[in-house]
Amino acid sequence: MDVHHKIRQFFFPSITSKFLIRVSSVALSAYLFFGYLCIPFSIRGISMEPTYHNGGINFCWRLRYLFSEPKRHDVVAIRFAGSKVMLLKRVIALEGEKVELRNGKLFIDGRGIEEPYVRYPSAWNLSPRQVDKDCIYVVGDNRSMPIDDHHFGQASKSRIMGVPLW
Amino acid sequence: MVKVKYLCIAALMVILGIVIAITVFPSEEKRVKKQFRLLSGWVSKSTEENAITMLRRMKDIGSLFDAHCELKVPDQPLSGSYTREEISTYAGSARSQVSQLDLKFYDLQVVFPEKEVAKVTLTARLTGRSTAGERTDETRELECLLRKIEKKWLFSQIEVIEVLKK
């Protein structure tokens with residue numbers, strides 16, 4: 001088989017039953033993988049700046065917490081009614097912990113916590129509140145925006161869809 | 001050969017018949033989803049919308065609601081029961097304050113807990129620009145109850161579900 005024929009065969013393959021089975025299995029695998037396991041999403045909004053930028057593209061890896069629990073500082077995707085629209089947020093407190101923000105600084109159970117991912121100056125104040133059972137407390141990294149314009153708070157663990165791949 | 005030809009024609013006619021039947025006699029779930037499509041289209045506003053269209057849209061929006069519709073919004077004074085006319089008026093007033101508005105619904109899950117009652121869980125995203133040029137981008141999970149009254153599915157309750165509790 002000459003090179004020319006091989007190239008032609010690659011771009012214009014003969015429609016055989018073997019070829020059709022191969023194409024169908026690739027299509028089905030891609031549908032299952034990108035539809036349920038590694039969901040592509042685009043980032044809209046500035047609440048996770050500078051870690052994630054508005055307009056960025058990423059994938060939500062759904063198996064991250066199959067055998068583990070979310071930890072503090074993890075970035076997670078929180079679902080609304082389904083997987084079409086999600087919130088990308090940072091876990092700052094876990095169940096049973098008391099979360100507080102004093103002049104932009106995070107306090108968990110009264111202890112100051114370093115947050116290297118918060119790069120913009122913040123003066124947020126949030127009175128102490130306990131995270132309920134089976135819940136996590138999430139906030140975006142961009143705390144330079146007004147606190148009232150920022151969507152944050154306690155979410156049920158069952159709403160965690162996964163984590164961004166990068 | 002002739003037999004195969006007739007079989008193909010018969011199969012095509014059956015498929016066509018099924019498609020026509022589905023289109024002409026949609027399922028109750030499709031009828032419910034259609035109401036959301038109508039609401040989305042009528043609430044949305046383009047920059048070129050004139051006063052006549054605006055008045056017609058106000059009336060159209062009201063026609064999708066039951067005589068009394070209950071609105072439940074956590075921690076908001078908006079909660080309460082509204083008549084169809086009040087909804088039309090509020091919708092018109094809100095639409096007049098924006099130059100462009102886009103309402104989209106995602107992940108609609110329809111269940112029928114009782115006869116002639118539909119419960120729909122969905123994500124609603126409202127984006128737009130006020131007449132002063134300020135951008136709006138709000139996403140909420142909603143739980144809606146629709147009742148079938150005189151062969152029409154009408155919104156009778158809308159509840160905003162708190163995904164993140166501050």
Name the region of I147(A), side chain, backbone, both or neither, that has any atom closer than 4.5 Å to a heavy atom of chain B.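 Contact with chain B involves the backbone of I147(A) alone.
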Contact part of I78(A) toward chain B, heavy-atom cut-off under 4.5 Å: side chain, backbone, both or neither? side chain
Does any part of the side chain of T83(B), heavy atoms only, come nearer than 4.5 Å to the side chain of H68(B), both counted from C-beta? yes
Stepwise side chain to side chain contact (heavy atoms under 4.5 Å, CB included) check, L87(A) with V138(A): CA-CA 10 Å; L87(A) 290 165; V138(A) 294; over 6 Å; no
By salt bridge (Lys or Arg N to Asp or Glu O under 4.0 Å) - contacts of K148(B) (at least two apart): E28(B)
Measure across L146(B) and W153(B) and return the closest heavy-atom pair with its distance rounded to 0.1 Å.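 Scanning both residues, the minimum pair turns out to be O-CZ3, 3.5 Å.
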Check P113(B) against V111(B) and note the closest heavy-atom contact, atom names and distance.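 It is CD-O, 3.3 Å.
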Give the atom names and distances for all donor-acceptor pairs closer than 3.5 Å across chain B and chain A.
residue	atom	partner	partner atom	Å
D107(B)	OD2	G82(A)	N	3.4
D107(B)	OD2	S83(A)	N	3.3
D107(B)	OD2	K84(A)	N	2.9
Q109(B)	NE2	A81(A)	O	2.8
T123(B)	OG1	A81(A)	N	3.0
E141(B)	OE1	A81(A)	N	3.4
E141(B)	OE1	R159(A)	NH1	2.7
E141(B)	OE1	R159(A)	NH2	3.0
E141(B)	OE2	R159(A)	NH2	3.4
K165(B)	N	Q154(A)	O	2.8
K165(B)	O	Q154(A)	N	2.7
K166(B)	O	R129(A)	NH1	2.6
K166(B)	O	Y137(A)	OH	3.3
K166(B)	NZ	H150(A)	O	3.4

In terms of ring plane angle, is the pair F36(B) and F155(B) parallel, tilted or perpendicular, where the classes change at 30° and 60°? perpendicular
With a 6.0 Å cut-off on ring centres, are F59(A) and F41(A) close enough? no
Which bit of I161(B) comes within less than 4.5 Å of chain A, counting heavy atoms only: side chain, backbone, both or neither? side chain
